Amino acid sequence: MLNSAFRTSAFRAVSRQSFRYYSAAADGNPPVMTQIRDGLKAAMKAGNNVEKLVLRNIISEVKNRNINEPGSVGTNLKFVGMVRSLIATREKSIEEYQAANRSDLVDKEAAEIEILKKYAGLVPVASDAEIDAKVQAIVDSLPEADRKSINKIMSKIPWKEVESSWNSTRNSIGSSVKRVVGVRSFSTSARASNHSNPLVGN
């Protein structure tokens, strides 16, 4: 009787955990949001006001972006892209605060960046070296005359599979193409091409 009760209790616990995990994806949010909400609860309990503020900002950003463009932050890798944009915003603020000699605000932004990096790190992503290797393989497969052509390279990247097969965001692949080809920005002809620009979206 005791064993039966234990099995029933264990089944219910697993069922609740499974529901929490899959419902995050079902409601249009990335699965990692379950851990973000758990982190918020822990920060509130610990009285960690900075982490609490950052996590509430993340939750708000995901919600607003998915309202404005449904599914725009619907996967873990798109979540990483969003968090990286939040980090970039704070890095820009740090430059401005340093110019204004506001070390207090510099420290505040730096602390928030560390928290953002911590939670972005919950999602495994390919390293720059791994992405560069895949892009380089595509470049090497092209005729010699096409190996500096942004259009040709981008047209060969399997954009629909970058998250599942490359474990990367579009922005990261766009940056990799620039590194591999050795250019600072995409040419006008590349931006005007018919395929998806890797620098658009997360």
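Quick caveat, the model's predicted, so the values are computed rather than measured.
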Charged N-O contact under 4.0 Å between R65 and E69: no
May I have the step-by-step check of side chain to side chain contact (heavy atoms under 4.5 Å, CB included) for W166 and V135, ending in yes or no? CA-CA 10 Å; W166 289 43; V135 171; 3.9 Å; yes
I'd like to know if E51 and K118 make a salt bridge, using a cut-off of under 4.0 Å between side-chain N and carboxylate O. yes
Distance-only donor-acceptor check, side chains S172 and T169, under 3.5 Å: yes
Side-chain donor or acceptor of S141 paired with backbone N/O of I138 under 3.5 Å: yes
Applying side-chain hydrogen bond (donor to acceptor under 3.5 Å, both in side chains), which residue pairs with at least one partner in residues 126-139 are found, sequence neighbours left out? S127-E130, D132-S176, D132-R179, Q136-D140
Would you say K148's side chain and V181's backbone share a donor-acceptor pair under 3.5 angstrom? yes
Can you sort out the partners of T89 under side chain to side chain contact (heavy atoms under 4.5 Å, CB included), two or more places apart, ordered by chain and number? none
Test salt bridge (Lys or Arg N to Asp or Glu O under 4.0 Å), reference E112, set R90, K52, R56, output is R90
Once side chain to side chain contact (heavy atoms under 4.5 Å, CB included) is applied, do any residues pair with V83, and if so which ones, sequence neighbours excluded? F79, I87, L116, A120
Just verifying a value: how many Å separate Y119 OH and L40 CG, rounded to the nearest 0.5 Å? 8.5 Å
Side chain to side chain contact (heavy atoms under 4.5 Å, CB included) partners of E114, counting only residues at least two apart: K117
By side-chain hydrogen bond (donor to acceptor under 3.5 Å, both in side chains), N68 pairs with (sequence neighbours left out) none
Tell me every residue that passes side chain to side chain contact (heavy atoms under 4.5 Å, CB included) with E95, counting only those two or more places apart in sequence or in another chain. K92
